[in-house]
Amino acid sequence: RLRRYKARLSGALMTDDAVNLLRRWVEENPQDDRALLDLARLYYRLRWKEELQQLMVPYVQSHPDSREGQSLLGRAYFATGQLDLATKHLQHAQKLRGLAERHRVAVYGFMGGAEHEVTAQEQVQATDDARLLEQIEDGSARNKTASFIDTGEQNALTEPSEPVQASDSK
């Protein structure tokens, strides 16, 4: 038991470090969309729905054609019970995926058989988004506390802890 507790505590501390490092990087490099999306994915895994929503609203406003941005914002709205907004963003993400798939097929044909595959992450996102939209449409989302899709990952934290100041190592 003690080992499991220590491992969980260690994971929580590593998570705080990861969040703080990514936050600092995003603040210092606001044009680094990849780091911002990494931070958003981390917030999603930690189920920090309000932080995810605050991060993604301005991102989606400046990047309306980001499939992942639309999907993550839709999931954050779903988790906070804002189902109309969740539907809007999840449907937009699906529409963007459809456009990308048609373009991918056209490029595949044009390139004479070059491999252009949908990544596993995109497939999982598409499936999860469809599942959330089904829950909204059939009303089951309103009958329970809105939450993130259970990805099977065990999280050491469920709510954000106080920010830990990252030390500068020189």
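Atom set for the values below is all heavy atoms of this structure, side chains included, hydrogens, waters and symmetry mates excluded.
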Side chain to side chain, Asp129 and Arg75, heavy atoms closer than 4.5 Å: yes
Let me confirm one number: the CG-CG distance from Leu39 to Asn20, rounded to the nearest 0.5 Å. 10.0 Å
Between Gln70 (side chain) and Pro64 (backbone), is there a donor-acceptor pair under 3.5 Å? yes
Using 0.5 Å steps for rounding, measure from the CH2 atom of Trp48 to the CD atom of Gln54. 12.0 Å
Looking at His89, Lys88, Gln61, which hits side chain to side chain contact (heavy atoms under 4.5 Å, CB included) with Leu73? His89
Take Tyr59 and Leu37 through the side chain to side chain contact (heavy atoms under 4.5 Å, CB included) test and state the conclusion after the steps. CA-CA 9 Å; Tyr59 178 80; Leu37 289 172; 3.7 Å; yes
Sub-4.5 Å side-chain heavy-atom contact between Lys49 and Phe78: no
Measuring only between side-chain heavy atoms, which start at C-beta, is Leu21 closer than 4.5 Å to Arg24? yes
The reported gap from CG in Leu52 to OH in Tyr43 (rounded to nearest 0.5 angstrom) is 9.0 Å
Could you pull out the closest heavy-atom pair between Ala141 and Leu83, with the gap in Å? CB-CD1, 3.9 Å
Side-chain contact test, heavy atoms from C-beta onward, threshold under 4.5 Å: evaluate it for Leu46 versus Val19 and give yes or no. yes
Side chain to side chain, Arg67 and Gln125, heavy atoms closer than 4.5 Å: no
Is the side chain of Asp32 donor-acceptor paired with the backbone N or O of Ala35 at a distance under 3.5 Å, no angle test? yes
Any donor and acceptor pair, going by atom type alone, linking the side chain of Ser140 with main-chain N or O of Ile136 inside 3.5 Å? no
Sequence-distant partners of Asp38, side chain to side chain contact (heavy atoms under 4.5 Å, CB included), two or more places apart: Leu22, Arg34, Arg41
Looking only at non-hydrogen atoms, find the nearest pair between Gly69 and Met56 and report the distance. CA-CE, 3.4 Å
Answer with yes or no whether the side chains of Gln82 and Thr80 bring together a donor and an acceptor at under 3.5 Å. yes
Contacts of type side-chain hydrogen bond (donor to acceptor under 3.5 Å, both in side chains), residue Asp33, not counting sequence neighbours: His63
When rounded to the nearest 0.5 angstrom, what distance separates CG in Leu72 from OG in Ser66? 8.0 Å
Membership question, hydrophobic clusters at under 4.5 Å side-chain separation (ILVMFWY): are Leu55 and Leu42 in the same one? yes
Which distance, rounded to the nearest 0.5 Å, do you find between the CD of Gln94 and the OG of Ser71? 9.0 Å
Test of understanding: with side chain to side chain contact (heavy atoms under 4.5 Å, CB included), list the residues that count as partners of Gln91, not counting sequence neighbours. Thr87, Leu133, Glu137
